[in-house]
Amino acid sequence: MINSIITPKLNYPHHTKQDNIHMNLSESTLNNLVQNFTYPIELKQIHANLIKSSVSPSILPLKKVTSVCALTTNFSYAQQIFRCLNKPEVIFWNCSLRDFAESKNPFNAILLFYQMREHNVCIDSFTCSYVLKACKELHDLVHGRIIFSYIEKLGYQKDLFLMNLVVHLYASCGDFDGARMLFDQMVEKDVVTWNIMITHLVKRGDVDGAYELFKEMPERSVRSWTSMIAGFVQCCRPKDALGVFVEMEEAGFRGNEVTVVAVLAACADVGDLDLGKRIHQYSNRMGFERNIRVCNTLIDMYIKCGCLDAARGVFREMKKRTVVSWSAMIQGLAMHGAAEEALKLFSEMIQTGVRPNDVTFIGLLHACSHMGLVNAGREFFASMNTDYGITPRIEHYGCMVDLLSRAGLLQEAREFIRTMPIQPNGVVWGALLGGCQVHKNIELAEEAIKHLQDLDPLNDGYYIVLSNIYADAKRWEDTARVRKLMRDRGVKKTPGRSIVTIKGAVHEFVAGDDTHPQSNEIAQTWDELLQLMKSKGYEPNTDVVLLDVEESEKEKFLYRHSEKLALVSGLINTSEGETVRIMKNLRVCEDCHAAFKVISEIVDREIIVRDRNRFHCFKQGSCSCGDYW
DNA sequence: GGAGTGTTTC
């Protein structure tokens, strides 16, 4: 096995330059000469001239010699040069190894390692570290294990640095159990060892296991805290992430740029604008405002907290922007229904010379579908491939089906799915189903649900939509049938949850919630509000209540939807004129949407609701979505 | 001459 690997095939560009180098070298030409060589053959010529002129080869620039020697197929020759440079030979090889490990073809580092063994170069711990690095780049556990056997043979198991590399390599090549075993066996561990394990536990989705280790570790660095915060964010537990952040502050640690990014991401997820703003100020105080990733995350945070203007501000202030900055902004404008501006921003981005990526197009298509820009959407979809060589992913197909379905082009959407080159997923059929609800097409909805029962059988949302469609058509028996189907399959309806932040404190409401300390006051205010709403023409839409109960009972359920409770609580606890921001885990219900429009006029306030899909900004009796959602 | 944390997604 090893023998086949030993045969070196180090590729280097063939060089044909045959300059004759003059025999009598002036000092300046000498200097010029020893600095200007790129290929082994040039080095050889220079070397020859140095010998002829009795100049010591040690004047050769070491870094250059090593990188050029790394290219040579003539190992013995390189060895000869290294030996006359008055330093341990292995140092030069290690430099070459590092260059290879960091190059586009890290496998050369592994080949070089075997050549070193073959030529009896004494390898040291640095040699091992560079080859391990190459193995990691290549995801090559086979050679990784071989290097580890050398480490054991040479007695380097006590080298913490190397052991950390090995643990990291094993874990990132999929042998987590092997990594864990090494970790458990290691007598001495440092912060890095623990951090590596925490990171990999998170990557496997075991964030609780990661937190156990985190609590167990004898000392923590900012990186440990950051890894833990980022870990909770990655595992969709932003509240726990913020909890760890609070602990970190209490422990007296101050976050770096990476911490800021992780915490801001958590703020974005839970919609904690107050904390987000505080982190923004901290970040500026620390001088992080020039960090592009920090700014990108700030944009995303402000967008997801409903502050489009603040996001625009951060975006405009950025000295440098990457495709991520533009894409985040385009996506944000899409979420807020500002399709025109999103499209304008895209043109601006192209003019600036930034190449869009696949995510940029998801944002663009998203913008088109939210505002019914069917033709623009179709053009963008075609242009992805023709103009930018980006192959549409399933997400793009999902956007297109969403765009067509919402616009009422249900047959075209169906045909689009039929001719898709990739297998449609639940999101694709779900988009069609959503369009069927808006445009009341029972037949296609039934077809969509057939596919969804296989593709995403436990997703309650789809059954609810179908049963809503039946309810809308007054087909109560079918409604009941769908609900029975859900019961039989053990599909539980996800309870609607809404949160509203009042003076920095998060208040969460579940539909029908009467556990809130202010629940009496909320009910009373609602009753008063309801009278005013009805006088303005609001009529409760009880069709959205899928319970088999009396009409008056249905109204009671309707009035205790989580977003209504959250809104009333927000109105009671904030001052006049203040904007109320609400976050909902599901899509906002049709009745609540109608109610919020009227309420925004009655109380003369802006109400911003972030639902699962997008933002609704209610103001003076209308919504920013233009009722197209 | 060597290690561990971060941004946009229907």
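Below, chain A is the first sequence line, B the second, and so on; all start at residue 1. The model shown is predicted, which means the values in this text are computed figures rather than measured ones.
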Classify A/Ser369 by what it touches in the nucleic acid, base, sugar-phosphate, or nothing, heavy-atom distance under 4.0 Å.
nothing
Any side-chain heavy-atom pair from A/Met318 and A/Asn296 closer than 4.5 angstrom?
yes
Would you say the side chain of A/His280 lies within less than 4.5 Å of the side chain of A/Tyr302, judging by non-hydrogen atoms?
yes
Please verify the inter-ring angle class for A/Tyr388 with A/Phe346; under 30° counts as parallel, over 60° as perpendicular, anything in between as tilted.
perpendicular
Scan A/Leu160 against the nucleic acid and name what it touches under 4.0 Å (heavy atoms): base, sugar-phosphate only, or nothing.
nothing
Please determine if a side-chain N or O atom of A/His168 lies less than 4.0 Å away from the OP1 or OP2 oxygen of B/dG4.
yes
Can you figure out which of B/dG6, B/dG4, B/dA3 approaches the side chain of A/Ser221 most closely?
B/dG4
Return yes if the base of B/dT8 and the side-chain atoms of A/Ser327 contain a donor-acceptor N/O pair under 3.5 Å, otherwise no.
yes
Considering just the side-chain nitrogens and oxygens of A/Gln234, establish if one lies under 4.0 Å of OP1 or OP2 belonging to B/dT5.
no
Using side-chain heavy atoms (C-beta onward) and a distance below 4.5 Å, is A/Arg254 in contact with A/Tyr282?
yes
Give A/Thr322 one of three labels, base, sugar-phosphate or nothing, depending on what nucleic acid heavy atoms sit under 4.0 Å from its own.
nothing
Base, sugar-phosphate alone, or nothing: which one does A/Arg223 contact when heavy atoms must sit under 4.0 Å apart?
base
Is any side-chain heavy atom of A/Met371 closer than 4.5 Å to one of A/His366?
no
Write down the distance between CD (A/Glu395) and P (B/dT9), rounded to a whole number of angstrom.
11 Å
Between B/dT7, B/dG4, B/dA3, which one does the side chain of A/Arg293 approach most closely?
B/dT7
Considering every strand and a 4.0 Å limit on heavy-atom distances, what is the contact class for A/Val233: base, sugar-phosphate, or nothing?
nothing
Closer than 3.5 angstrom, by distance alone: can the side chain of A/Tyr211 be matched with the main-chain N or O of A/Asp206 as a donor-acceptor pair?
no
Would you jot down, in residue-number order, the residues of residues 413-422 of chain A having a non-hydrogen atom under 4.0 Å from DNA chain B?
none
Among B/dG1, B/dT9, B/dG6, the one nearest A/Asn94 by side-chain distance
B/dG1
Parallel, tilted or perpendicular: which describes the rings of A/His143 and A/Phe107, with under 30° parallel and over 60° perpendicular?
perpendicular
